[in-house]
Amino acid sequence: MAAGPPLTIQQHILEEQRRLTPHASGDFSWLLSGITLAAKIIADQVRRAGLADILGEAGGRNVQGEAVQKLDVLANKVLLHCLGRRGNVAVMASEEDDEPIVVARDRQYGTYVVVFDPLDGSSNIDVNVSVGTIFSILRREIDPTGQRDPMIDVLQCGRLQRAAGYVVYGSSTMIVYTTGHGVHGFTLDPSIGAFILSHENIKMPPHGTIYSVNEANADSFAEPYRRFLAELRAGQLGRTYSSRYIGSLVADFHRTLLKGGVFLYPPTRQYPQGKLRLLYEANPIAFLAEQAGGAATDGRQPILDIKPESLHQRTPLLVGSREEMDRLMTLLRG
Ligand code: P6P
């Protein structure tokens, strides 16, 4: 826990901006406050889902006869609303929408693009498992014509991210984010409705004792993955490992970030290109991992070097502590 009086995420962002970019307009911190506002609203909805009868499939009717909206549809609307009114976001893209959303009022002079998965792992909500929101913030050149194809703004390499982070709706609600100057975690204090700095400058341990993979797919993994997992299980990296898999990327990565180890979603028979989405799952997670001293790859190259070809393209995601990732990459290079 950070010492001294509680520091809110807004204060932290402003202090970081003053320290790093003294002449910044405050634009960016205003944008991030749109995300923290959305996170509080979504956290409230997730917390009450079982009571508010908003679980399950969209299209049904709840006890009041109201149309039920799936939580991730709800979360998506909240993010579009909170970010669309910031005045500096020109384009948004979401796991829930086939195409990017252009903010008409700001399409000429908006300087940011936000790409997000509004509620990742939402199938776990019905069984009260942690879920999360994942976001990636990119810069955008202004477009006085207002005619530029928004896909040009969205399909940017992960290295170009201005910021990235996630909200984990777990036993407590946390925001973990980076602007390229370390990784910092903030825990929501419901009594004052503010995210308070709780994990300053998070560093991923150089190795861990946990590996996280859906073992049901293991028979379809390529040989180097199977050999790597066998080495972990046999203690060949010098320590005993446990297997932990929640099936919610944000929760599985949050544990890996704090405790070390590896999270793997390799190519499988069902997902030969990998299951996870590059732009709004792998890229933000990879940015955080590298900023915390870890590594993230698709098995051939760093995730952040991949040039996106399409909005919802999938990728394998292998992410975790330096020692385990170095061994895995050695095996994958053959
Ligand atoms: P599987 C959730 O549906 C998700 O997109 C990620 O949050 C999670 O890491 C992954 O899929 C789990 O996939 O195939 O193991 O159920």
Side-chain angles (χ1 to χ4, degrees), residues 39 42-43 46 49 55-58 70-76 79 93-98 115-136 164-170 173-176 208 210-222 225-226 228-229 242-259 261-289 294 296-299 303 310-320 325 328:
I42 295 167
V46 166
L55 293 173
E57 292 304 310
K70 274 180 73 173
L71 264 174
D72 43 16
V73 171
L74 215 61
N76 192 48
L79 279 157
S94 168
E95 190 263 350
E96 291 288 322
D97 296 290
D98 293 342
V115 184
F116 51 83
D117 186 349
L119 205 62
D120 182 74
S122 52
S123 58
N124 289 305
I125 284 184
D126 299 13
V127 293
N128 211 16
V129 167
S130 298
V131 292
T133 296
I134 313 172
F135 60 90
S136 171
Y166 57 81
V167 187
V168 53
Y169 309 101
T173 299
M174 269 192 77
I175 287 189
V176 176
I210 294 172
Y211 69 85
S212 186
V213 67
N214 185 338
E215 307 258 11
N217 299 325
D219 291 346
S220 70
F221 292 163
Y225 294 107
R226 285 186 277 126
F228 175 66
L229 293 171
S242 295
S243 173
R244 293 283 183 279
Y245 192 71
I246 301 168
S248 185
L249 174 60
V250 168
D252 279 319
F253 177 72
H254 188 63
R255 181 200 55 246
T256 306
L257 177 68
L258 297 183
K259 294 184 176 295
V262 281
F263 170 87
L264 310 178
Y265 209 111
T268 66
R269 190 173 301 115
Q270 185 183 7
Y271 296 106
Q273 302 305 318
K275 175 183 183 185
L276 301 174
R277 309 289 186 169
L278 173 62
L279 284 174
Y280 42 80
E281 289 178 324
N283 270 345
I285 292 298
F287 190 12
L288 291 162
T297 167
D298 68 354
I303 291 285
S310 64
L311 177 54
H312 300 290
Q313 90 182 57
R314 299 178 189 271
T315 176
L317 175 62
L318 321 164
V319 58
M325 290 299 292
L328 175 56

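Every number for a ligand or one of its atoms is a count from 1 in the order of the listing.
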Which class fits the ring pair Y166 and F253: parallel under 30°, tilted 30 to 60°, perpendicular over 60°?
perpendicular
S248: numbered ligand 1 atoms lying under 4.0 Å from its heavy atoms:
7 (O)
Is the closest N or O pair between Y245 and ligand 1 shorter than 3.5 Å?
yes
Taking all non-hydrogen atoms of both residues into account, name the closest pair between P266 and V213 and its distance.
CD-CG2, 4.3 Å
Any E281 heavy atom less than 4.0 Å from ligand 1
yes
Less than 3.5 Å apart, any donor N or O on the side chain of S94 or N76 sitting next to an acceptor on the other?
yes
Minimal non-hydrogen separation, P267 against F221, with atom names:
O-CD2, 3.9 Å
Here the atoms of ligand 1 under 4.0 Å from any heavy atom belonging to K275 are 1 (P), 3 (O), 10 (C), 11 (O), 12 (C), 13 (O), 14 (O), 16 (O)
The atoms of ligand 1 lying under 4.0 Å from a heavy atom of D120, numbered in the order shown, are 5 (O), 6 (C), 7 (O)
Y265 to ligand 1, any heavy atom closer than 4.0 Å:
yes
Just let me know how L249 lines up against ligand 1, side chain, backbone, both or neither, with a heavy-atom cut-off below 4.0 Å.
both
Over 12 non-hydrogen atoms of neighbours within 6.0 angstrom of CD in Q273:
no
May I ask you to check whether N214 has an N/O atom sitting below 3.5 Å from an N/O atom of ligand 1?
yes
Within the structure, is a non-hydrogen atom of D252 found at a distance of less than 4.0 Å from ligand 1?
no
For a quick test of reading the model, state the closest non-hydrogen atom pair linking T315 to A282 and the distance between them.
CG2-CB, 3.6 Å
Polar atom proximity, Y271 to ligand 1 (N or O, under 3.5 Å)
no
Can you give me the closest heavy-atom contact between V250 and G132, atom names plus distance?
CG2-CA, 3.9 Å
